[in-house]
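In what follows, chains carry the letters A, B, and so on, assigned in the order in which the sequence lines appear, proteins first and then strands, with residues in each chain numbered from 1.
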Number of protein chains: 2
Amino acid sequence: MPATLRDVAERAQVSMRTVSNVVSGYTHVSERMRTKVLAAIDELDYRPNPVARTLRTGRTGMLALVVPEIDVPYFSELARDVIDAAAEVGYRVMIDQTGHDHERERQLLTGEDRTMLFDGLLFSPLVTKSELLDMHGATRMPLILLGEHDFDGRYDHVAIDNVAAARDAVGHLIETGRTRIASIGSQPLEEYSTPLQRSAGYEAALADAGVDLRPEYVVTAAHYSRADGYSAGRALLALDPRPDAIFCFSDLLAFGAMRAVFDAGLRVPEDVAVIGIDDVDEGRYSRPSLSTISLDTQFIARESVRRIIDRIEDPALPATEIVAPHKLVVRESTAVE
Amino acid sequence: MPATLRDVAERAQVSMRTVSNVVSGYTHVSERMRTKVLAAIDELDYRPNPVARTLRTGRTGMLALVVPEIDVPYFSELARDVIDAAAEVGYRVMIDQTGHDHERERQLLTGEDRTMLFDGLLFSPLVTKSELLDMHGATRMPLILLGEHDFDGRYDHVAIDNVAAARDAVGHLIETGRTRIASIGSQPLEEYSTPLQRSAGYEAALADAGVDLRPEYVVTAAHYSRADGYSAGRALLALDPRPDAIFCFSDLLAFGAMRAVFDAGLRVPEDVAVIGIDDVDEGRYSRPSLSTISLDTQFIARESVRRIIDRIEDPALPATEIVAPHKLVVRESTAVE
DNA sequence: TTGTAGGCGTTATCAG
DNA sequence: CTGATAACGCCTACAA
C-alpha cells in the first residue's frame with residue numbers, strides 16, 4: 001500500500017498543507033519543517049499520486065499523437081521529434097495509430113474513448129475536412145492538425161505545402177530533361193487531402209512545362225508502403241512507351257518502385273529517374289540514394305507542441321496556420337549522365 | 001463547462017448511482033430508467049471524466065512502452081504491434097524514448113516522474129541487470145523486460161535468445177564458405193547486455209567452425225544506426241586482408257555497411273557478404289535484399305501485453321520468462337555465386 | 001508561515 | 001433495483 005500525503009503529514013507531525021508545499025515547489029516553508037517533511041517522505045518512500053493531482057488540477061501532462069501508422073519512417077521520425085519537443089516542456093506523449101481506420105479516428109476526435117487521459121491532441125489525419133469539423137465539434141479537447149492544409153481557418157494546424165512540394169519534385173524531373181513522368185500515390189477510392197494536393201502539384205508542374213498528362217502514367221496506391229510502390233512500379237514499367245521518371249508521393253513508395261526497376265533489369269537513374277517526398281534517413285543510404293523533398297519534422301514537432309501548449313493554457317486563442325518549410329534534396333536517383 | 005454525473009442525475013431525476021450503472025454497462029437496470037438516463041446524457045452531451053474514474057478504480061487503461069529510439073525501424077515495428085495488441089484488450093500505449101540516456105531510464109523505473117499515468121511498463125532497456133534491480137526495487141509498477149535475457153528470474157521478460165541468433169547468423173556465413181568474418185555492433189564503453197550476448201554468439205560460431213577471431217575484425221558501434229554501420233564498414237574494408245563477410249548486430253548497421261561496400265567499388269555479396277539481425281521491412285526491398293535473423297515482433301508484443309495484464313491483475317504472480325522465436329532469413333546479401 | 005476543510009467526478013458501500 | 005453517502009489523494013481558499 002503506497003504512502004499518501006496524509007501518512008507523510010502524520011509521520012512528520014505537520015499538516016497536509018505543509019507537506020504539499022514541500023512536495024510541489026517550496027513556497028515559503030521554514031527550514032525546520034522542510035527537513036522534517038523530507039525525512040518523512042524518504043522514510044515512507046512517498047510519491048505523489050499523479051492521478052489525484054490530475055483530478056485536482058485538470059492537467060495530465062500528456063499529449064496524444066495520432067498517426068496512420070507508426071512504423072512508416074516518416075511518422076516514426078516525426079514521433080521522435082514530437083516526444084523530444086514535448087519532453088522539453090514537461091509533457092509525455094501517447095501514440096496511437098489509426099491504421100487507416102476511420103472509426104478509430106472518430107473515437108479519438110469525438111472523445112468517445114474511455115481513456116482520454118491527455119491534455120491535447122496532435123492529429124495527422126486521413127479524413128477530409130468537413131467530416132473532421134463535424135466530429136470534433138462537441139469536444140473541447142485542444143487539437144492541432146499536422147501536415148494538412150486549408151481547413152477554413154477553424155483549426156490550428158502545422159501544414160505542409162503539399163502542392164508546392166509535389167510541384168518542386170516534378171519540376172526537378174523536368175529540369176533534368178525527363179518528359180515521360182509517371183506518378184505513384186494518388187488514392188484509389190477516398191478523397192484524402194494529402195494525395196489530392198500532391199496530385200494537384202504533379203499536374204500543375206506538367207502543365208507549367210507544357211507536358212501532356214497521360215492518364216496511364218498515374219498509378220494509385222492504397223498505402224504509402226514499399227510493397228505498394230513495388231507493384232505500382234511494375235505496372236508502370238510494362239507500359240509502352242515506358243516512363244523515364246517516376247514521382248512517388250512518399251519515399252517508401254519510391255524505395256519499392258526503385259526495386260521494381262532493378263527487378264525489371266533496368267537502371268535508376270539512367271533508364272528511369274525516381275524521386276520521393278519525406279526525406280527519411282533510409283534514402284541517404286539506399287542504392288542509389290534517393291532524391292526527395294525534405295520535410296522538416298523537427299520544425300513541425302516544435303511548432304505543434306508549442307502551439308498546443310498555448311492553446312491548452314488559453315482555449316480562446318484564435319486558430320492559426322503555420323506552414324512548415326520544405327526543400328528539394330538532389331541525390332543519385334535523379335542524376336543526369 | 002462539461003456536464004458531470006451529478007448533472008445527468010438531476011436532469012434525469014435519478015440518483016448518481018443509477019447513471020453510473022447505465023454508463024458503465026451494468027446489467028441490472030430497468031428499461032425505463034435506462035432510456036431516461038440515456039436521453040439526459042444525450043441532451044447534456046455528457047462524457048465520463050476518465051481521470052476521476054481512474055482515481056476511483058486505480059486503473060488508467062494505459063501502458064508505457066520505453067525504447068531507446070522510436071525511429072529505429074525495429075522499435076517502430078515493435079511499437080506498431082504493441083499498440084495493436086494493447087488496443088485489442090482495451091489499453092492504450094504511451095511511448096517514451098530514452099535516447100541512450102540512463103537518467104531518463106532511471107526516472108521511469110523509479111517512478112520518480114511526475115506524470116506516471118499508466119498501469120504497467122514495457123521496458124526495452126539499455127541498462128545492465130544489477131542497475132535495473134536496484135532502481136526498480138521500491139516501485140510497485142508492473143514491469144516487463146523486452147528483448148533481454150538472464151535477469152535471475154526476478155523479472156518478467158519476453159526475451160530473445162541473442163546468443164543463438166548471432167550464432168545462427170554467423171553460422172550461415174560460414175556455411176556459405178566465408179572465413180574472414182567481421183562483426184559490427186559491439187559496444188565501445190558500456191556493458192549493455194544485448195551487444196554482449198551477440199558478441200558471445202559471434203565468437204561461439206567462429207569457435208564452432210575452428211575459425212580464428214581476429215580482433216581487428218571486431219568493430220564497435222555507439223548506436224545501431226546506418227551512419228555507424230557506414231563508418232564501421234569503411235574501416236573494415238581498409239584492412240588487409242579484407243573481410244569476405246560482415247555480421248552486423250542490427251539491420252540498420254547492415255544497410256550502412258552495404259553502402260560502404262558499394263562506395264568502395266566492391267560488390268555485395270560477391271566481394272563481401274552482409275547479414276543483419278531484426279528483419280525490418282526495408283531489407284526486403286534494399287539492393288541487394290538483406291539476409292537477416294527475423295525476430296517475431298508480433299509474438300513479443302502479444303506475449304508481453306498478455307503478461308503485463310496478468311500481472312496488473314495479480315501482482316503476486318511469479319516472474320516468468322518467455323523466449324521469442326527467431327529464424328534465419330536468407331536473401332541476396334549472402335548469396336553464393 | 002501553517003492548519004482546516006471542501007471539492008475535483010467517479011465508483012463502491014450500505015441501506016431500503 | 002435504486003438512493004444517499006463515503007471514499008479515492010491531492011490542491012488551495014480561507015482562517016489562524
Separation of atom [atom1] in [X] from atom [atom2] in [N], rounded to whole Å:
X	N	atom1	atom2	value
M116(A)	dG9(C)	CE	P	16 Å
D7(A)	dA7(D)	CG	C1'	15 Å
N21(B)	dA4(D)	CG	P	14 Å
N49(A)	dC11(D)	CG	C1'	13 Å
L55(B)	dA7(D)	CG	P	14 Å
I41(B)	dG9(C)	CD1	C1'	14 Å
E10(A)	dT2(C)	CD	C1'	17 Å
R59(B)	dA12(C)	CZ	P	11 Å

What nucleotide among dT10(C), dG9(D), dT2(D) has an atom nearest to a side-chain atom of R53(B)?
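The nucleotide sitting nearest to the side chain is dT10(C).
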Determine yes or no for a side-chain-to-main-chain donor-acceptor pair under 3.5 angstrom, with D81(A) supplying the side chain and L78(A) the backbone.
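No, the answer is negative, given that no donor and acceptor are paired below the 3.5 Å cut-off.
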Both M16(B) and A52(B) contact DNA chain D. Taking the nearest nucleotide for each, which residue is further toward the 5' end?
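Final value for this comparison: M16(B).
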Reckon [X] touches a base, only the sugar-phosphate, or nothing at all at heavy-atom distances under 4.0 Å?
X	value
M33(B)	sugar-phosphate
S20(A)	base
V51(B)	nothing

So does R56(B) reach the base of dT11(C) with its side chain, donor to acceptor, closer than 3.5 Å?
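Donor-acceptor pair under 3.5 Å: yes.
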Can you find a donor-acceptor pair, distance only, under 3.5 Å between R17(B) side chain and dT13(C) base?
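Side chain to base: pair found, below 3.5 Å.
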Sub-4.5 Å side-chain heavy-atom contact between [X] and [Y]:
X	Y	answer
L121(B)	L63(B)	no
E88(B)	D84(B)	no
E69(B)	H100(B)	yes

If you compare every side-chain N and O of [X] against the phosphate oxygens of [N] (OP1, OP2), does one of them come in below 4.0 Å?
X	N	result
T18(A)	dT1(C)	no
T4(A)	dG9(D)	no
T57(A)	dC8(C)	no

Taking the ring of H136(A) and the ring of Y155(A), is the distance between their centroids below 6.0 Å?
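For Y155(A) and H136(A), the ring centres are under 6.0 Å apart.
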